[in-house]
Each structure stands twice: as C-alpha cells, then as structure tokens.
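First up is the structure itself, then whatever we jot down about it.
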Amino acid sequence: MTLPRQLPPLRLFSVFRAIAGHRTLRAAARALNVSQPAVSKSLRELEHWVGIPLFDRTRRPLALTPGGEMLLTAIETSFNLLADTLDDITRLHVERGRTLRISCSIGFATYWLMQRLSTFSAAWPDIAVSVMTTAHDAAPDAPHADVMFRYGHGRWTDGEVITLFPEQIDPVASPGFVDRLRPLATDLSDIALIHVDVDDASWRSWNGYLQQTGLPRGRNGADLRFNNYVQATQAALNGQGIMLGWRSITGDLVAEGRLHVAGLPSITPEDGAYHIVIPARSADSPATSHFVSWLRHLIAQEKERADQRSPPP
C-alpha cells in the first residue's frame, strides 16, 4: 500500500489564496483578520515547504511566480472539489430523509401493506416510498432497503428487530364456496384445496396442516397449485377452493366479508410472527424513523380495535 505524500498544513493554503487574491500582505491580513507579520510568516513557511518563491516580491502589487500560478490552480481545483463534495454529502443526507425503501413479500405488500400505506403518505407527503418485493416472506431482503418486513422467529442479527403481530393460519374460501360446504365435514376428500408452493412437509402447507390437525383426506379433489400467495388468494376469491389463509394476507379480506373462514381448526405458530428489521445503515434516517413511528401507532390502533371486537371470555 502506498502511503499518501505529506502536505503542508491546510491553513497555509488559505493564507496563500488570500495573498493571491488581494496581491498585498496587508489586504490579505485584513481579510483573514490576523496580523500582517502572521501572514508573512505563513507565506515563508509555505515557500520553505514548496522549495521555491511563490510571489515576485520586486513587483507591486505582488505577482505570482510560475510555480505560484501552478499551486493556485491546484488549490482552487481542490477547494472547489471539496465544496462540491460537501454539497453532495448534504444533499445525500437530505434525500435520505425524503426517501424510504421497503422490502417485503409480494403477498404481504399486496394484501396488507398497500391497504395501509396511503395513510403514511398522507402524513408524510414529502417522503418518496419504494416497495421492493420478493416471492417468499421468510426473510425478504434487498441490498439497499431501509426497512425489511419479515416473517419468522425474529432472532436475526442484521438489524434492529421490532415485532409487529403474531401470525395465525385459518383455512378460508369465498362466501359461496363456504356455504356449499355447510354443514362442513371434517373429511376434506373431494374438496378442492388451493396450494402455494412451499415445502410440503412444512406446517404452512396443506400436508403439514392436515398432519398437525389430524384431519383426514381420503381422496384429493381438483386441487390448484400456485407459486405465490397473490395468485392463490385470487383463486380463493373466485370460489375455486379453500386456501390456508394467513392473517397478514387474508385477514383484511375476511374482515371485509370477501372471504370467509371455512370452519376448520386454526393454527397459531409457536415461533412465528411478523417483524420489521431496520439495518444499521438506515437507523438514523428521518424517513425510517417516521415510518417506524407510524407503524407502531398503526399496529396499536388495530390491536385495540381487534380487542374491542373480540367477545368477552
């Protein structure tokens, strides 16, 4: 590794610029609010460092030597570059306070976040929001995301983790489809199930759900399979079968009456909830701070409304 060459104290460059601008030591001293002997001393120190005279002292006003002209050009270029860089840094800080990049799954974005994000935009209209989605929700990441919504255990170490709400799984279907099932038999044979491509051994799959609840299924109906929850949810809305509805995806649709719970057992994961992860790179961003505050308030309001709707024990 090559070490940078040593430079004279930067204050000497400032004195040199003042002399070059005013062409007299007295005027430069007044501009710098120092004594004329101090200006003379600084000039001699800089010339000693460079090794050549920087001004022709036989002329009045002072004239730059060829070496002095070269040094002045380099100093002006460097100072302008520093000034531009400082402006860029300030602009970057301001823009960080006005932009917010969110990472989450497609299903979470479509059925949970987008239903609520307009209230954040109304509260903070100057913050530009960018939502980046992934196919699955176990740990969606984006290299430059300021906030990441994740489902899982919450024991991640790549940022501050804030728990939002526990997840709950309820089989759901369209109102018409549920009506045709009543009285609902616990045997799901010949009933169309809507699958999302996950590990079939996982409790998040129908196979895992049936194993965990002990419900029988002698024969498969005309099942449907999709690779994301948006397509699966649309199939359920269209009355094509029953899907495993996550609170984060189908909860609002059930509350609106567009989907109904199918009367089958619910599953509450013991080690699974929705969280947000705030990377260290965005922890001090004003936009992130505003979003987290808004989100905490929103979750508290929704929990309070849910508690009010719940029947007393």
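Thr65 places a side-chain N or O within 3.5 Å of a backbone atom of Pro53 that can act as its donor or acceptor partner. With hydrogens and angles disregarded, a donor-acceptor distance shorter than 3.5 Å links the side chain of Arg281 to the backbone of Ala145. The backbone N or O of Gly245 sits nowhere less than 3.5 Å from a side-chain atom of Gln168 that would complete a donor-acceptor pair. Under the 3.5 Å distance criterion, the side-chain polar atoms of Glu167 are matched with a main-chain donor or acceptor of Arg247. Within the 3.5 Å criterion, the main-chain N or O of Ala287 finds no donor-acceptor partner in the side chain of Trp124. With hydrogens and angles disregarded, no donor-acceptor distance shorter than 3.5 Å links the side chain of His260 to the backbone of Ala173. A distance-only check finds a donor-acceptor pair linking the side chain of Asp146 to the backbone of Arg101 [under 3.5 Å]. Between the Asn228 side chain and the Val230 main chain, a donor and an acceptor come within less than 3.5 Å of each other. Remark: the backbone N or O of Ala27 is paired with a side-chain donor or acceptor of Thr24 at under 3.5 angstrom. A donor-acceptor contact shorter than 3.5 Å is absent between the side chain of Thr288 and the backbone of Asp284.
Taking 4.5 Å as the limit, some side-chain heavy atom of Pro171 sits within range of a side-chain heavy atom of Leu244. Looking at heavy atoms from C-beta onward, Thr233 lies in side-chain contact with Ile249 at the 4.5 angstrom threshold. Annotation: side chain of Phe120 is in contact with side chain of Val129 (closest heavy-atom distance under 4.5 Å). A 4.5 Å side-chain heavy-atom check between Val277 and Asp158 finds at least one atom pair inside the cut-off. The closest side-chain heavy-atom distance from Ile191 to Ile242 is below 4.5 Å. Val172 is listed as a side-chain neighbour of Met243, based on a closest heavy-atom distance under 4.5 Å. Residues His290 and Ile127 are in side-chain contact: their nearest non-hydrogen atoms beyond the backbone lie under 4.5 Å apart. Counting heavy atoms from C-beta outward, Gln6 and Trp49 have side chains that approach closer than 4.5 Å.
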*asked:* Go through it in stages, so that I can follow the logic: the residues are Met148 and Cys104, the test is side chain to side chain contact (heavy atoms under 4.5 Å, CB included), and I'd like the CA-CA distance, side-chain angles, deciding distance and then a yes or no.
replied: CA-CA 6 Å; Met148 296 177 284; Cys104 60; over 6 Å; no
| message | Tyr111 vs Thr250, test: side chain to side chain contact (heavy atoms under 4.5 Å, CB included). Steps then yes/no. | response | CA-CA 7 Å; Tyr111 292 110; Thr250 59; over 6 Å; no
| task | Could you go through the ring-ring contact (aromatic ring centres under 6.0 Å, His included) check for Tyr151 and Trp246 one step at a time? | result | CA-CA 11 Å; Tyr151 172 79; Trp246 291 42; 4.8 Å; yes
- What do the steps show when you test Trp156 against Arg150 for side chain to side chain contact (heavy atoms under 4.5 Å, CB included), and what is the final call? CA-CA 10 Å; Trp156 303 291; Arg150 287 184 187 166; 3.2 Å; yes
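The CE atom of Met132 sits 5.0 Å away from atom OG of Ser130, with the distance rounded to the nearest 0.5 Å. If you take OG1 on Thr133 and CD1 on Ile102, they are separated by 12.0 Å, rounding to the nearest 0.5 Å. Put simply, CD on Gln234 and OG1 on Thr110 are 10.5 Å apart, with the number rounded to the nearest 0.5 Å. Between the CD1 atom of Ile169 and the OH atom of Tyr209 there is a distance of 10.0 Å, given to the nearest 0.5 Å. The distance from atom CD of Gln240 to atom CG of Asp223, rounded to the nearest 0.5 Å, is 12.0 Å. Between the OG atom of Ser174 and the CG atom of Asp179 there is a distance of 8.5 Å, given to the nearest 0.5 Å.
Looking at every heavy atom in both residues, Ser248 comes nearest to Phe108 through CB-CD1, 3.9 Å. Among all heavy-atom pairs drawn from Gly154 and Val161, the shortest one is O-CG1, 3.5 Å. Shortest non-hydrogen contact noted between Gly239 and Phe177 is O-CD1, 3.4 Å.
In this view, His22 satisfies the ring pair (Phe, Tyr, Trp, His ring centres under 6.0 Å) rule with no residue, not counting sequence neighbours. Under the side-chain hydrogen bond (donor to acceptor under 3.5 Å, both in side chains) criterion, Arg17 pairs with Glu76, not counting sequence neighbours. Residues satisfying the salt bridge (Lys or Arg N to Asp or Glu O under 4.0 Å) test with Arg155, not counting sequence neighbours, are Asp271. Every ring pair (Phe, Tyr, Trp, His ring centres under 6.0 Å) that Phe165 has, sequence neighbours left out, goes to Trp112, Tyr274. Residues meeting the salt bridge (Lys or Arg N to Asp or Glu O under 4.0 Å) test with Lys41, sequence neighbours left out: none. The side-chain hydrogen bond (donor to acceptor under 3.5 Å, both in side chains) check on Glu45 picks up Arg11, with sequence neighbours excluded. With sequence neighbours excluded, no residue forms a side-chain hydrogen bond (donor to acceptor under 3.5 Å, both in side chains) with Thr73.
Through side-chain heavy atoms spaced under 4.5 Å, either directly or across other Ile, Leu, Val, Met, Phe, Trp or Tyr residues, Leu10 is tied to Leu12, Phe13, Val15, Phe16, Ile19, Leu25, Leu32, Val34, Val39, Leu43, Leu46, Val50, Ile52, Leu54, Phe55, Leu62, Leu64, Leu71, Leu72, Ile75, Phe79.
Applying the salt bridge (charged side-chain N to carboxylate O under 4.0 Å, His left out) definition to pairs two or more places apart or across chains, those involving residues 102-119 are Arg116-Asp252, Arg116-Glu302. Residues in residues 18-35 take part in no salt bridge (charged side-chain N to carboxylate O under 4.0 Å, His left out) pair, two or more places apart or across chains.
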Quick one: side chains of residues 262-269, donor-acceptor pairs under 3.5 Å with protein atoms, not counting sequence neighbours, listed by atom name and distance.
from	atom 1	to	atom 2	distance (Å)
Ser266	OG	Asp170	OD1	2.1

Extract all donor-acceptor atom pairs below 3.5 Å that involve side chains of residues 291-298 and protein atoms in other chains or at least two apart in sequence.
from	atom 1	to	atom 2	distance (Å)
Ser293	OG	Ser289	O	3.1
Trp294	NE1	Thr119	OG1	3.1
His297	NE2	Gln301	NE2	3.3

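Side-chain contact annotation: Thr58 with Asp56, donor-acceptor N/O pair under 3.5 Å present.
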